[in-house]
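These values consider heavy atoms only, across backbone and side chains, with no hydrogens, waters or symmetry-generated copies. Source: prediction; values computed, not measured. Numbered from 1 within each chain, the chains take letters A, B, ... in sequence-line order.
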Amino acid sequence: MSSAVPSHEQSSPPSDFDTTGATQDSLQSTKRPIRKNDRHLFQNPFPLQISKEEPLKGFFLPITIASFLQYLFQSFSSLIPFRKPPLPPYEGVLVGESGCVWILQDGKAQVDRALRWEQEFKRKSTIALEAGLTHALGLGLWRGGFFGKATLSRGEPTWWKRMARDGQSTEGESLAARRRAMRTAQRRNVPQPPSEPKSTTSMSSFSDGYDSLVSTPYAEGLGWGVLTVDPERYQLTPEEAFFLAYGLGILAVKESEEGDILEPCELWSKLRSHPNALTFASQLVGPEIMTTSKLSSEFAVRYAAYHYYRSQGWVVKSGIKFGTDYVLYRRGPIFRHSDYAVVVVPSVSDTAHRDTLPDIPARTWVWALSVNRVCAQVNKRVLLCHVVVPSDITRKELADPTCIKRFAIWDVCIGRWVPEKTRD
Amino acid sequence: MERHPLYEQFARECPDAPQKVRWLSFQVYLDLVLAKEWANVHARFVKSLEKIVLLARRELEEEAEIMVPMTEAESWSVSSVSILFSQLSEISLESSSDLESLVLAIMSTDSTVVYYRIYNGLVPPEEEKER
């Protein structure tokens, strides 16, 4: 792993934190530097690896007695009564009342379970089975499609590493903090301390540093002492959790740590009914007619948009920093800044045909321009994703996840066009 | 959440808060204390607002800021913000004067927290510093 901090892009893109438009400064990007084995680590678009040598199911010829017996066993194993299917490799628990999921990472039991699942389904998951690291399981989801995010970092769990290395860390968050400090010092014309990270030759010192105790400044103010265990957790948004649990089948979500695993339909209704769907509960008591206002906080609509972009290969992350619902990355947050910012607009179609234009809620130009202006400053194009819900959809249908098959998606990209600048 | 090493410290400061408001404030608490490394953060349950607000200081010498955790989906308006100011000025710590500004800590479902400062009333533009 290279320890120097390279400038890895030919044209330095504007950083996520820079909204003043000063993009071409000489300081390096706040993104985590691309490391040599990144392309290898992040080659999987999803947390599953499909091996190239897939046996053709219909034409399998058992060659030896042993393989014949194995073939028989596997074909009929599902018919054995009382045999529970193996548990998915990842396990999560619903936290708070908002439908978010924390990945449970208890160590050895999880590793065993993951291996058993991989054996049964003949699929390799990207579960990072690095012994001794408590957050390794979340890392597997990050490496396989950038699902989820660590609670104290910008992406993969780096809090422990950053704390242990004090000011010399080369993680993206530490670089961002150092750059901000440099800029404030520059603005105040204060002589800056040398800020380049020393080239580290002792990379091995922190591979076993996970067991060491961490003392941070806050400890003195609050009188806690040191932390012996990593306080960072790996969190999934409700859409990501449902996609992994239902779409890919590699996540088992529990309601509480001691509870049972939720079935997909139960999970769906839990995610739809969380109290953050503010007035939705009261809207449920009205007549069955579906209106756009009823859909404004409907999880099925947001999930449909998420599922649509994910299944096309985009990496979909939260857009709260840009005032939109989602942002789309082509490969992932560590490679390039995102290209599109998506605003999900639910709409209701009056006709049964999917080809005619739906009834789109009226918006003012002020709204469209303000969203566009914020995103243009950070070099993103705004995508209005209209999720069209047929007007005859019933509450009963919405309670089942397959209702999203009845939705249609129209996406429209809006951008400011300046005649002088776009002459060619 | 209850097994988190820092939860006990947090829960001790707001024992009478209902369960449903705890997780949101706990997440913001963790972000301030661990990720942003602020020196001093205390939790306080405000019954009239049904929220646990945080009183936080970046450095020990600074004045405490009031952080109001919110979710992405919560709606707010000018009147709801003025209610916030009126209810929170009663619990403001040191200064006896009216609460000048609040910080809204808006948490997204993927655990990113964005902070926005809101002032109570008009703020005159800053004086141009001598260059």
Side-chain angles (χ1 to χ4, degrees), chain A residues 93-102 104 147-154 159 162-163 173 177 187 214 216-224 227-241 256-257 274-280 296-297 302 317-323 325, chain B residues 1-10 12-13 18-43 50 56-62 64 69-76 104-116 129 131:
Chain A
V93 62
L94 283 175
V95 279
E97 301 273 330
S98 47
C100 304
V101 172
W102 274 1
L104 291 177
F147 284 90
K149 181 184 155 304
T151 48
L152 300 171
S153 316
R154 273 160 51 168
W159 187 83
R162 281 184 280 141
M163 290 299 135
E173 296 90 345
R187 243 184 280 141
V214 161
T216 65
Y218 70 83
E220 289 126 41
L222 290 159
W224 284 340
L227 273 181
T228 51
V229 101
D230 191 355
E232 196 161 29
R233 298 285 180 267
Y234 201 78
Q235 180 162 332
L236 296 174
T237 66
E239 296 90 12
E240 288 173 339
S256 65
E257 290 194 24
H274 63 78
N276 280 338
L278 296 166
T279 49
F280 189 76
S296 54
S297 49
R302 283 179 60 100
K317 302 300 279 177
S318 163
I320 194 176
K321 288 190 188 161
F322 309 103
D325 289 303
Chain B
M1 167 174 79
E2 284 80 5
R3 294 215 202 135
H4 194 279
L6 270 55
Y7 183 71
E8 204 197 300
Q9 178 83 14
F10 171 78
R12 228 180 294 155
E13 301 189 351
Q19 188 61 26
K20 60 181 179 160
V21 300
R22 283 179 186 237
W23 185 72
L24 172 63
S25 303
F26 184 54
Q27 284 282 79
V28 179
Y29 181 80
L30 288 180
D31 185 60
L32 283 172
V33 167
L34 295 176
K36 307 262 183 309
E37 294 183 51
W38 276 37
N40 206 327
V41 182
H42 291 288
E50 283 265 323
R57 284 187 180 78
R58 180 187 268 158
E59 309 291 340
L60 287 168
E61 313 82 46
E62 282 185 9
M70 302 186 85
T71 54
E72 234 183 329
E74 252 178 80
S75 61
W76 54 279
L104 298 182
I106 303 158
M107 203 193 80
S108 171
T109 45
D110 73 338
S111 79
T112 22
V113 188
V114 281
Y115 298 93
Y116 277 90
K129 293 203 175 66
R131 295 262 170 114

>> Using every non-hydrogen atom in the two residues, find where Lys149(A) and Ser111(B) come nearest and quote the distance to one decimal.
In response: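 Closest approach of Lys149(A) to Ser111(B): NZ-OG, 3.2 Å.
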> Looking only at heavy atoms, what is the nearest atom pair of Asp110(B) and Gln235(A), with distance?
Replying inline: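 Heavy-atom minimum between the residues: C-NE2, 4.0 Å.
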> Less than 4.5 Å apart, any side-chain heavy atom of Thr151(A) and any of Leu30(B)?
Replying inline: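 Contact flag for Thr151(A)/Leu30(B) side chains = no.
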> Tell me, do Thr109(B) and Ser318(A) make a side-chain contact under 4.5 Å, heavy atoms counted?
Replying inline: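 In short, these two side chains do not touch, never coming nearer than 4.5 Å.
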> Do you know which of Arg22(B), Gln19(B), Gln27(B) has the most heavy-atom pairs under 4.5 Å to chain A?
Replying inline: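 With the most close heavy-atom pairs to chain A, the winner is Gln27(B).
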> What residues, two or more places apart in sequence or in another chain, satisfy ring pair (Phe, Tyr, Trp, His ring centres under 6.0 Å) together with Tyr116(B)?
Replying inline: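 Once residues adjacent in sequence are excluded, Tyr116(B) has no partner under the ring pair (Phe, Tyr, Trp, His ring centres under 6.0 Å) criterion.
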>> Could you measure the distance from the CD atom of Glu72(B) to the CG atom of Asp325(A)? Nearest 0.5 Å is fine.
In response: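 Atom-to-atom, Glu72(B):CD and Asp325(A):CG are 7.0 Å apart.
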